[in-house]
Amino acid sequence: MADHSTFARRQVLRFVVAAYLFFLVAWPVYLVGRNAFAGGLGNLDDILTDPDVTHALRLTVVVAVIAVLINTVFGVGISIMLVRYDFPGKRALNALLDMPLSVSPIVVGLALVLVYGGRHGWFGPALESAGLQIIFAVPGIVLATVFVALPLVIREVVPVLEEVGDEQEQAARSLGADAVQTFRRITLPAIRWGVIYGVVLSLARSLGEFGAVKVVSGNVLGETRTATLVVEEKYLNFDKGGAYATAFLLALVAVACVIVVSALRPKEDR
Amino acid sequence: MTSAALAPSRSPRNRRSARGGLPLTRVSGLGLGVAMVWFSLLVLIPLAAVAVTAAQGGWGGFWRTVTNEQTAATLRLTVGTALLVTLVNIVMGTLIAWVLVRDRFIGKRALEVLIDVPFALPTIVAGLVLLSLYGPDSPLGVNIANTRTAVFLAFLFVTLPFIVRTVQPVLAELEPESEEAAASLGASRFTTFRRIILPSLTPAIAAGAALSFARAVGEYGSLILLSGNLPMRTEVASVRILSSIENDNPDSAAAVAVVLLAVSLAVIVALDVIARRVIRRG
Amino acid sequence: MSIEIVNVGKRFGDFVALDDVSVSIPSGRLTALLGPSGGGKSTLLRIIAGLERADTGTVRIEGVDATGLPPQKRNVGFVFQHYAAFKHLTVRRNVAFGLEIRKRPRDEIRRRVDELLALVHLEQFADRLPAQLSGGQRQRMALARALAVEPTVLLLDEPFGALDAKVRKELRDWLRRLHDEVHVTTVFVTHDQEEALEVADEIVVINDGRVEQIGSPDELYDRPANEFVMRFLGPVTRLGDQLVRPHDLQLSISDADGVVGRVTRVTRIGFETRVEVTTAGGQPVTVTLTRNEFQALNIQLDSEIRIRLAPGSPTTTTTATQPCAETSTLIPTH
C-alpha cells in the first residue's frame with residue numbers, strides 16, 4: 001500500500017523526529033564534548049591532576065559500585081519474591097518499588113536527613129553516638145544513591161523471570177537440586193542478561209546522581225564531594241573549562257552505558 | 001524494544017506477576033523479611049518521616065507554608081510547566097515511537113540511543129548540555145538561561161524517554177491485521193489511527209505521561225545551572241525545598257515535599273490502575 | 001463471474017509469491033484456495049482485498065477494475081486467521097465499525113448489528129470485550145463484522161487455522177450453512193485438504209505461485225491433473241510407476257491377475273486396516289482395507305497375495321523417486 005503520499009508523509013515524520021532529537025539531545029551533548037576540548041586537552045589535564053577532583057571521581061566510583069552491588073542483590077531477590085511467591089501485600093509492594101522513580105531527588109535527600117540526620121533525625125543521634133555517622137558522610141551518599149537507582153534491576157529482571165517461567169526450576173527440583181543449587185545453576189543463568197542490563201543502567205544512574213547526594217553529602221571538599229557536585233562547583237566558580245571537562249567524563253560513561261545496553265540487547269526483541 | 005529498562009513502565013505484557021505463586025517457605029520468608037526491613041529503612045520510613053514532619057505544624061502550618069507567596073509561585077510554575085511538557089511529550093513521544101517502530105532508515109539505531117541519553121546522563125550534566133546550546137554562548141544566538149523557557153526545556157530534556165519507551169513496545173506488538181481489517185471495512189488511514197491504533201496506545205501513553213509528569217515535577221539537577229532559580233520567576237519546587245533545608249527549616253521543606261510526594265503517589269496509583277485495565281482488555 | 005484475476009504476478013524481493021496467475025471465481029459460490037504454506041494462496045487473497053498490490057496483472061470484482069483501488073474502496077469483507085478483533089471495542093461496536101464508517105443512521109446500525117449478532121449466535125455477548133470471548137466466538141464476531149457492510153465478496157484467510165480441532169470442525173459446518181443462507185461470493189484460504197473438500201463448491205489448488213488445478217471437490221479428487229494435486233488431496237501409494245490411492249487397491253488370494261507380492265506388515269487403525277505388501281520387485285505398496293474386508297480375506301503375514309487397482313480409480317504417473325509416505329497422507333495435519 002506504499003504510494004507517493006505515504007512516502008511523503010513518512011519522510012516528513014522522519015524529518016520532524018530527527019530534527020527534534022538533534023536539537024534537544026544530539027547537538028547539545030556534542031557541544032559539551034567540544035567545550036571540554038576547547039583548549040585542547042588542557043581542561044581534561046587540569047581536572048585529572050587536581051587532587052580534589054580525582055578524590056571526587058574516586059568517591060563517585062566507589063559509591064556507585066557499592067550501590068550497584070546492594071541494588072543487584074536486593075533487586076534479584078525481590079524480583080524472585082514478586083514473580084515466584086505469593087504473600088500478603090504483594091500488590092502494594094509491587095507498586096511502592098516504583099516510588100523512587102517518581103520521587104524528587106531533593107525529597108529523597110530530605111527524607112534521609114529527617115531519619116538519619118545527626119542532630120534531629122529519628123535514628124541519627126542514636127547511630128551517631130554508636131559511632132556511625134550517616135548524613136554528611138559516605139554512608140549517606142551510598143543510601144541516597146541506592147534509593148534513586150533501586151527499581152532499575154527489578155524492572156529488568158521481573159519480565160525475564162516471567163518469560164522464562166518456572167518449569168525449568170521445577171524440573172531441577174525434581175532432579176534433586178536444592179533451592180541454592182536451583183538458583184545458581186538454573187535461575188541465574190536464565191536471567192543473566194536481565195541482570196546485566198539492570199546493573200549497567202544502575203551504574204549509569206548511580207554515577208550521575210546529583211540532587212539527593214547534594215542534600216545528604218554536605219559537599220565537603222576532598223571528603224564528601226562527588227563528581228556531579230564538582231561540575232556544579234566548578235561552573236559556579238567560573239571554571240567553565242573544568243566544569244565541561246568533568247561533565248564530559250560523566251557524559252562519556254553515561255552514553256557508553258546506553259550504547260552497551262543497546263548493543264547487548266538482542267535485535268529481534270524490538 | 002531496545003531499552004525496556006529505560007522504559008519507566010512495564011509494557012502490558014511484561015507487567016509484574018499479579019497472579020499467585022508459591023506460598024512462602026521458611027527461607028524465602030526470611031529473605032522477604034530482610035528485604036522488607038531494608039526497603040523500610042531506606043524508603044518507607046524516610047518518606048514517612050517527611051509526612052510526619054510536615055504534619056507537625058498542623059494543617060494550618062502546612063497550609064500557610066504551601067500558600068506562602070513565593071512557595072505558591074514555585075508550585076504553580078512547577079506543576080504548570082510539567083503539565084505543558086507532558087502534553088508536548090504525549091504528541092512528540094508518540095510520534096517518535098511511531099517512527100522508530102514503523103519506519104526503517106539508516107541511523108535509526110543512533111536515534112534509539114539518543115532517546116536513552118537523557119535518562120542516563122547525570123542531571124547536572126544535562127543542565128550544562130542544554131546551557132551549551134541555549135545559554136549565553138549559544139551558537140544559535142538564543143539565550144534562554146534564567147528564563148521560564150529554560151525550565152520548560154530542562155523538563156522536556158529529562159522526560160524525553162518516558163512516553164517513547166512505554167509506547168514503543170505496545171506499538172510494536174499491535175497486530176497489523178487490525179489496521180487491515182479497519183481498512184477493508186472502509187476506514188481511512190486517519191480514521192484507522194484515531195479509532196483503532198490510538199485507543200490501543202492510550203494506556204501506554206497514559207502510563208508514560210504519568211511518569212513524565214512526576215519526573216518533571218521533582219526535577220532539580222538540570223535546572224540549577226540553567227534556570228537561575230530566581231524567586232517568583234524561575235524557582236521550582238525542588239529548589240525551594242533545598243533552600244528551606246539549607247536555611248535549617250525542615251518543617252517547611254517537608255511541607256512542600258509532601259505536595260511532591262502526593263504527586264508521586266498519585267502517579268503510582270494511576271500506573272497500577274492503568275496496568276490493571278490493560279490486563280482486563282487482554 | 002464475480003472475481004476475475006488475470007495474469008497476476010507478485011514478488012517479495014527474490015521470492016516469487018505468484019507467477020502469472022489467472023483465475024475466475026464464480027458469483028455466489030464458496031471457493032477454496034488450497035495449497036501448502038508459502039504457496040501464494042494468502043497473497044492472492046490479499047491482492048483481491050487490496051491489502052497487497054499485484055506487480056503485474058489485473059483484478060476485476062463484479063465487473064469493476066479493482067487493480068488500483070485501495071482496500072477502503074473495494075467493499076470486500078476480510079476475515080483474518082487471528083481474528084484481528086478491535087480489542088478496545090465491545091462485540092457490538094466491532095460489528096458496527098464498518099457501518100459507522102459509512103455513516104449509516106443510528107437506528108439502521110442497531111438493527112443490522114442485532115441481525116448479524118443473531119446470525120452468528122452472539123446476541124448474549126454483545127456487550128463483552130473480545131478478550132472475554134473464546135477463539136471460535138471471536139472468529140464469528142469477525143465474520144459478522146465483515147458481513148455487516150454487505151460486502152460484494154467475503155474473503156477468509158485461514159479462518160479456522162488458529163482454532164482447536166473440535167471448534168474448527170464445528171465452524172466449518174457452520175460456515176457452510178451460513179453461506180447457504182447468505183449466498184455472498186466467498187473465497188477462503190486453507191492448507192487443509194479435508195476442510196476444502198468438505199466445505200467448498202469449487203477448489204483452486206495453488207502451489208509455488210502457480211495454479212495447479214481448478215474444479216469441484218469431486219473433479220479434483222477423482223481426476224487430479226497432476227501428481228501434486230493427487231498427493232495433496234489425499235493419501236497415495238506407489239504401484240509400479242503409478243500413484244494410486246491406497247483405498248482404491250484391492251487384495252486377493254485367489255485371483256489370477258494383478259501384481260504378486262508378499263504381506264510384510266499389518267497395522268490396524270480403528271476402522272481401517274493398513275496392509276503393506278512388498279512386490280516381487282521389492283516395492284512396498286500400502287493398501288487400506290476396512291476391518292470387514294480385512295477379516296473376510298483372512299490375510300496372514302508373509303503370505304503371498306495379489307494387488308489390483310479397482311476399475312475407474314484415479315492414477316497419475318509419477319516421475320519422482322521420492323517415497324510415498326507410509327502414513328495416510330502427506331499433508332501436514334496440525
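Per chain, numbering begins at 1; letters A, B, ... match sequence-line order.
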- Message: Under 4.0 Å between a side-chain nitrogen and a carboxylate oxygen: does that hold for A/Lys214 and A/Glu233?
- Response: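 Salt bridge: no.
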
Specify which of [options] makes the most heavy-atom pairs with chain B at under 4.5 Å.
options: A/Leu110, A/Leu207, A/Leu150, A/Leu161; answer: A/Leu110
options: A/Val32, A/Val160, A/Ile78; answer: A/Val32
options: A/Tyr30, A/Phe87, A/Phe248; answer: A/Phe87
options: A/Arg91, A/Glu209, A/Met81, A/Glu232; answer: A/Arg91
options: A/Ala179, A/Ala111, A/Gly208, A/Ala243; answer: A/Ala111
options: A/Val255, A/Leu143, A/Val73; answer: A/Leu143

Side chain, backbone, both or neither of [X] within contact of chain A (heavy atoms, under 4.5 Å):
X: B/Phe213; value: neither
X: B/Ser238; value: both
X: B/Leu44; value: side chain
X: B/Leu140; value: side chain
X: B/Ile245; value: side chain

- Who among B/Val113, B/Val269, B/Leu32, B/Leu121 has the most heavy-atom pairs with chain A under 4.5 Å?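 Going by pairs under 4.5 Å, I would pick B/Leu32.
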
- Task: Name the member of B/Ile96, B/Ile124, B/Val50 that forms the most heavy-atom pairs with chain A at distances under 4.5 Å.
- Result: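 The answer is B/Ile124.
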
- Item | Short side-chain donor-acceptor distance under 3.5 Å, B/Ser212 and B/Asn89 |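 The answer is yes; a qualifying pair exists.
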
- Message: Hydrogens and angles aside, do B/Thr123 and B/Ser222 bring a side-chain donor and acceptor to less than 3.5 Å of each other?
- Response: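 Absent: no donor and acceptor within the cut-off.
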
Please set out all donor-acceptor pairs under 3.5 angstrom arising from side-chain atoms of residues 98-107 of chain B, sequence neighbours excluded.
residue	atom	partner	partner atom	Å
B/Arg102	NH1	B/Glu179	OE1	3.1
B/Arg102	NH2	B/Glu179	OE2	2.9
B/Asp103	OD1	A/Arg14	NH2	3.0
B/Asp103	OD2	A/Arg14	NE	2.8
B/Asp103	OD2	A/Arg14	NH2	3.3

- Message: Quick check: do A/Leu96 and B/Val43 have side-chain heavy atoms less than 4.5 Å from each other?
- Response: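 No - every pair of side-chain heavy atoms lies 4.5 Å or more apart.
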
- Message: Within the structure provided, determine whether B/Ser264 and A/Met99 are in side-chain contact (heavy-atom separation under 4.5 Å).
- Response: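 Counting from C-beta outward, B/Ser264 and A/Met99 do come under 4.5 Å.
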
Using a 3.5 Å cut-off and no angle test, enumerate the donor-acceptor pairs between side-chain atoms of residues 16-27 of chain A and protein atoms at least two apart in sequence or in another chain.
none

- Message: Students often mix this up, so state it plainly: with edges at 30° and 60°, are the rings of A/Phe123 and A/Tyr116 parallel, tilted or perpendicular?
- Response: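 The rings of A/Phe123 and A/Tyr116 stand perpendicular, inter-plane angle above 60°.
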
- Query: If you take all heavy atoms of A/Leu31 and B/Pro139, which pair is closest and at what distance?
  - Reply: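 The answer is CD1-CG, 3.8 Å.
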
